[in-house]
Amino acid sequence: MTEKKPTLYLIDASSYMYRAFYAMRQRLTAPDGTPTQAVYGFHQMLQKVLKDKRPERICVVYDPPGPTLRHAIYPDYKATRERMPEDLVVQVPLIKRMVDLLGIPSVEITGYEADDVIAALARKAVEAGMPVVIVSGDKDLHQLVREPHVIQWDPQRDEVFTGETVERKLGVRPEQVRDLLALMGDSSDNIPGVAGVGLKTAQNLLRQFGSLDQVLSRVEDIQSPALRKKIEEGKEAALLSRDLVTVREDAPVALEPDQCVVRPADTKALVEFFQSLGFRRFLDELAREAGDQALAAATEAPERRDRLVTDEKGLSLVLARIAEADVLSIDLETTSQDAMRADLVGVALCWKDHEAAYIPVGHTGEDAGQQIPPARTLDALRPLLEGDRPKKVGQNIKYEWVVLKRHGVELQGIDFDTMVASYLLDPGNPSHRLERIVAEHLGESKLRYSDVAGSGRNQIPFAQVPLEKAVDYACSDAETTYRLVPVLREKLQEAGLLDLMESLERPLIPVLARMEHKGIRIDAARLQELSKTLEEGLRKEEEVIHQIAGGPFNIQSPIQLRDVLFGKLQLPVIKKTKTGPSTDMSVLEELAALHPIAEHIVAYRSLAKLKNTYVDTLPKLIHPETGRIHTSYNQAVTATGRLSSSDPNLQNIPIRTEEGRRIREAFVPEEGCVLLAADYSQIELRIFAHYSGDERLVAAFSEGADIHRRTAAEMFGVPPHEVTPEMRRQAKTINFGIIYGMGPYGLAKQLRINQASAKAAIDRYFATYQGVKRWIEQVVEESRKRGYAETLLGRRRYLPELKSRNRNVRQQGERLAVNTTIQGTAADLIKKAMIDIDAAIRQEGLRTAMLLQVHDELVFEVPEDELDRVRTLVKDLMENVHPLSVPLVVDMGWGANWAEAHG
DNA sequence: TGGGACCCGTAC
DNA sequence: GACGTACGGGTCCCAC
């Protein structure tokens, strides 16, 4: 009879250091400024292992500094990998100290990577009859999995890798993993693999032959001649790659598995350690654990209690529970991502930690059974949804607002949006999806949509998801959102962003929702006419181009176009893209002097762009019920704080060319209304003047001067009335260039002058506006010190580039610091104006509707009898949105279409 | 057939 | 390498 041995947990430290470091884009720092996010993340991972598994045997395995055996075999090993970022380097000793203080054994062996040490320890453990769990998410370690003795577990994603799951993920058994990697290579470690063989091919080969050795010795059995050639030529690389990816078991580890015992933590030192790093939450946890064990057990999180509501009795029970709640998290399940086209499938609600309900109203699956009809459900919920209490929270709750509005419910009392909060905390992060937010801020993994509805071709509509799974998914979304709210609110508070959230971004949500829901009317007939005209023009241009080229080709194909221009016609290459000679506008303009085809291609491109992108697309997007076009405004996309618009993007409708303006003529008001356009004049330059306090710039704006003319006059030292159009054009280009941080090179290209003249012009500009130069230097320095750029209303954008040792990256950061401050402040101001105007419209009971926002412009649909009032109101609220040291000026126009409104 | 990379062009 | 912020259409290529 054998005694049952405790399981040994082997923790792959490096992968969690990196992951914690990069997962938290939000820079966590100790009071003394030391970056700490990797320490924080590492601790969370350790706690999850300790709490979930209560391991009796555990060891943290570090990668040693310096080269390893693999570098001896292959000098380029991991050569493409960037050096560990300085901000992470300083955290490594902190992590090691924390592990020691927690009483967790650890090991690091010079010349042997952590993977090899883990393999050696695992082998020892298995020989001693001890089960092993490798704690890592790394696919290289899949090769060590041997059920039942050795499995792999990633606590952060809560993924367990057994033989079966490895096979599902990689398509091969664990013992084949190294051969798989040897064939396909691994770019992150600079493992070559066989050229031209990717994951799929490697899988197929191993499925057919079983192992790399078999593949190589039976290469003549490979069906495809092309593949056979690749394998023959890649044989050496494959064998070298296998050497590199194979985890060795012979590392000289003195530590015995039985010695890997957790010692008592040094609580006193840990408290000091956490204090020095400013980890308040961990201190709280530590205090709780040090106190009453029974009490701690009682506060352990209970399982979520989900309720499936399919009848009136269940519904009234849930309503009664919610009536006592302060906060209600809402997540609608629907048939579409597009709020204007979505039908209700179900309503998920959470009003308390671990208490959530799902009310299916439109499931069609076989087990759908009895459901309360949507209308009845919404009527029952109406008092809750349309009242101020409970306070409503959600993830992108604007979506819920629009869907509910279309179902006759006007959501009130919006208190928090987790997507917007995550965005404010780090607008540079490309994703604010719930799944990612939950991973970052709760350190949990979430049930994914694909987990309940399948993925790819097998994906089914949510309405067909069996109720049992639907409840689980919908409630977990509503509940994680609910639990995120206090966490995110606290973080906003700590970062000084809560006020921006509560006074700007939150009140903006219903304003944007109303704009999206209202939509804008389109004159489809007008666009169809325009389409015919464009079609005609395209046909003519195409004919000419084909004739000049001496034969037909696809003008819209950059590759074919390249062949014609630089092959057939032997025109000079002006500029290159990653893949070959460029054919973009600036190139074609230069080529126009050499060959007539260039200008025809420009004309063709321009017509095709208008037709394909706007004229033929917009009519298709007219909503069948409203007859209007409904864009989506995204509040959590841009790095600077601007809104973006999509599906369709109504923020890039042409205006600069005559044909472009024809498209704006198709944006029309409702009968009895006019379109009113109000745009901030030179808002970004005015913000520049405000911030820099430059006397001349401020004076120019205060006097209401033509800013470009004035700039030209100052720069060229002539009176304003002697400024020539060319001088004004140059000054205008510089004025805009300054906002983007343009250098002599860029300005020279733009103005078609030489670089020396461009540099002289910039020098003259800064000599004229000395305050501007000083301010740019100052804002760069402050941003570098803080680590982020900050706008007028306190919005932040983190700029790690400012601390880069690479000059190009650093200069990029400097441009971003300047531009973000200016562009972001302009965004702050117009957002506030939108809120003020919306409030006034409602306050005064006007029928006017705000329809569009285009960064510095607002477009309204105004009943004719309200025009006078609305003109005054809008101008007044926009110009006085926030006091600056220069006046804000708003230009307005109105008319029977959007083009006229720009009169 | 669909997704992603790439090139290009529209807006502010 | 050199000018910031977006979205989207077309082509091409590859995986399914």
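Chain naming here is simple, since letters A, B, ... match the order of the sequence lines and numbering starts at 1 in each. Given the structure is predicted, the values throughout are model-derived calculations rather than measurements.
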Write down the distance separating the C1' atoms in C:dA2 and B:dA5, rounded off to the nearest Å.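 Taking atom C1' in both C:dA2 and B:dA5, they lie 24 Å apart.
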What is the nucleic acid contact for [X], judged by heavy atoms within less than 4.0 Å: base, sugar-phosphate only, or nothing?
X: A:Asp647; value: sugar-phosphate
X: A:Asn649; value: sugar-phosphate
X: A:Gly737; value: nothing

Give a yes/no answer on whether the side chain of [X] brings an N or O atom under 4.0 Å of OP1 or OP2 in [N].
X: A:Arg815; N: C:dG4; result: yes
X: A:Ser582; N: B:dC8; result: yes
X: A:Thr638; N: C:dT5; result: no
X: A:Arg656; N: B:dC12; result: yes

Between C1' of C:dG1 and CD of A:Glu814, the distance in whole Å: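 For the pair A:Glu814 CD and C:dG1 C1', the rounded distance is 15 Å.
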Check the pair A:Tyr680, A:His855 against ring pair (Phe, Tyr, Trp, His ring centres under 6.0 Å), reporting the backbone distance first and the verdict last. CA-CA 9 Å; A:Tyr680 278 114; A:His855 308 310; over 10 Å; no
If you find the nucleotide of DNA chain C closest to A:Arg642 and the one closest to A:Gln755, which residue's nucleotide is nearer the 5' end?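 Nearer the 5' end of the strand: A:Gln755.
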Is there a donor and acceptor pair, one atom on the side chain of A:Arg605 and one on the base of B:dC8, closer than 3.5 Å?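 There is none.
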